[in-house]
Amino acid sequence: MNPEQTTPANDTDFVIGRHPAVAALRSQQTINKVFLQSGLKAEAIDEIRQLAKKRHLVISEVPKQKLDQLTDHQNHQGVALGVAAFEYATVDDLFAKAEAAGEAPFFLILDGVEDPHNLGSILRTADASGVHGVIIPKRRAVGLTSVVAKTSTGAIERVPVARVTNLVNTVRDLKDRGVWVFGTDMDGTDYRDWNAKGASALIIGNEGKGISRLLKETVDEMLTIPMVGEVQSLNASVAAGLLMYQGFSSRHPVQH
């Protein structure tokens, strides 16, 4: 296995918010401690307490100020889980997920997405549209943080993310394994004509700079999203969402 394909995450992090906490407690993720806001009455908190007890986890009832401090003043909704930071998958894991589903691989490659909210939103749509895994670079890009986890509302538990040293080498490896690689650009095939039925990987570029030049040179075909408005650009997660769902549509056509 290529040693560049995985990076263990050793830091402690927090899962923040009620829905992400429930998803994490129901998953296999390692959880060290559960922090609940003292005096808070809500069904969702009761469910979290019950799930935590079932897993024999330590529950700490703490004042709101303590939770604010732990979560860096994010909207924690009265709950935070102390967790081992999210583990990254390997590229082989992504292929294995597709194989287990009996489907041709459908991967998303993010070239330097820096906004954790964008990555969280992209993971949500990836989960909904049948993407088997996401590949991100180690450098100059956001990783799997608590903000990403909260924005993903649990999708971070279901969509494997591989973090690699060199995206260009990884894309070449994907092509050697029979994956057709698509990029996004101002000039290219109209994305509505994209057929992602076979083994496919889609590259989404950085929020401001797009796809790097070296990575562009590896792409089999460029896709473009036609626009008629005056604002001739889309947020990275919106563009990724449109393209992922076109991929989904071509792989799962409506049966009339």
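Keep in mind the model is a prediction, meaning the values are calculated, not measured.
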Before giving the answer on side chain to side chain contact (heavy atoms under 4.5 Å, CB included), spell out for Arg177 and Phe95 the whole-Å C-alpha distance, their side-chain angles and the decisive distance to 0.1 Å.
CA-CA 10 Å; Arg177 296 171 75 167; Phe95 277 97; 3.4 Å; yes
Just by modelled atom types, is the Gln50 backbone N or O under 3.5 Å from a matching donor or acceptor in the Arg55 side chain?
no
Between Lys197 and Ser250, does any side-chain donor sit less than 3.5 Å from a side-chain acceptor?
no
Show the numbers, then the answer: is there a side chain to side chain contact (heavy atoms under 4.5 Å, CB included) between Phe35 and Leu70?
CA-CA 9 Å; Phe35 296 92; Leu70 283 174; 3.7 Å; yes
Donor-acceptor pair, side chain of Arg18 and main chain of Ile45, under 3.5 angstrom:
no
Looking only at atom types and distance, does a side-chain atom of His19 sit under 3.5 Å from a main-chain N or O of Thr153, one as donor and one as acceptor?
no
Has the side chain of Thr224 got a donor or acceptor atom that lies under 3.5 Å from a matching backbone atom of Asp185?
yes
As a quick check of understanding, evaluate side chain to side chain contact (heavy atoms under 4.5 Å, CB included) for Leu110 and Leu119, giving each step before the final call.
CA-CA 9 Å; Leu110 304 179; Leu119 179 53; 3.4 Å; yes
Evaluate the criterion side chain to side chain contact (heavy atoms under 4.5 Å, CB included) for residue pair Leu25 and Leu81; output intermediate values, then yes/no.
CA-CA 9 Å; Leu25 285 162; Leu81 309 181; 4.0 Å; yes
My understanding is that only one of Val131, Asn118, Leu144 makes a side chain to side chain contact (heavy atoms under 4.5 Å, CB included) with Leu123; could you say which?
Leu144
Output the distance between atom NZ (Lys97) and atom CG (Asp92), rounded to the nearest 0.5 Å.
15.5 Å
The reported gap from CD in Glu61 to CG in Leu36 (rounded to nearest 0.5 angstrom) is 5.5 Å
Straight-line distance of Leu51 CG to Asp46 CG, nearest 0.5 Å
11.0 Å
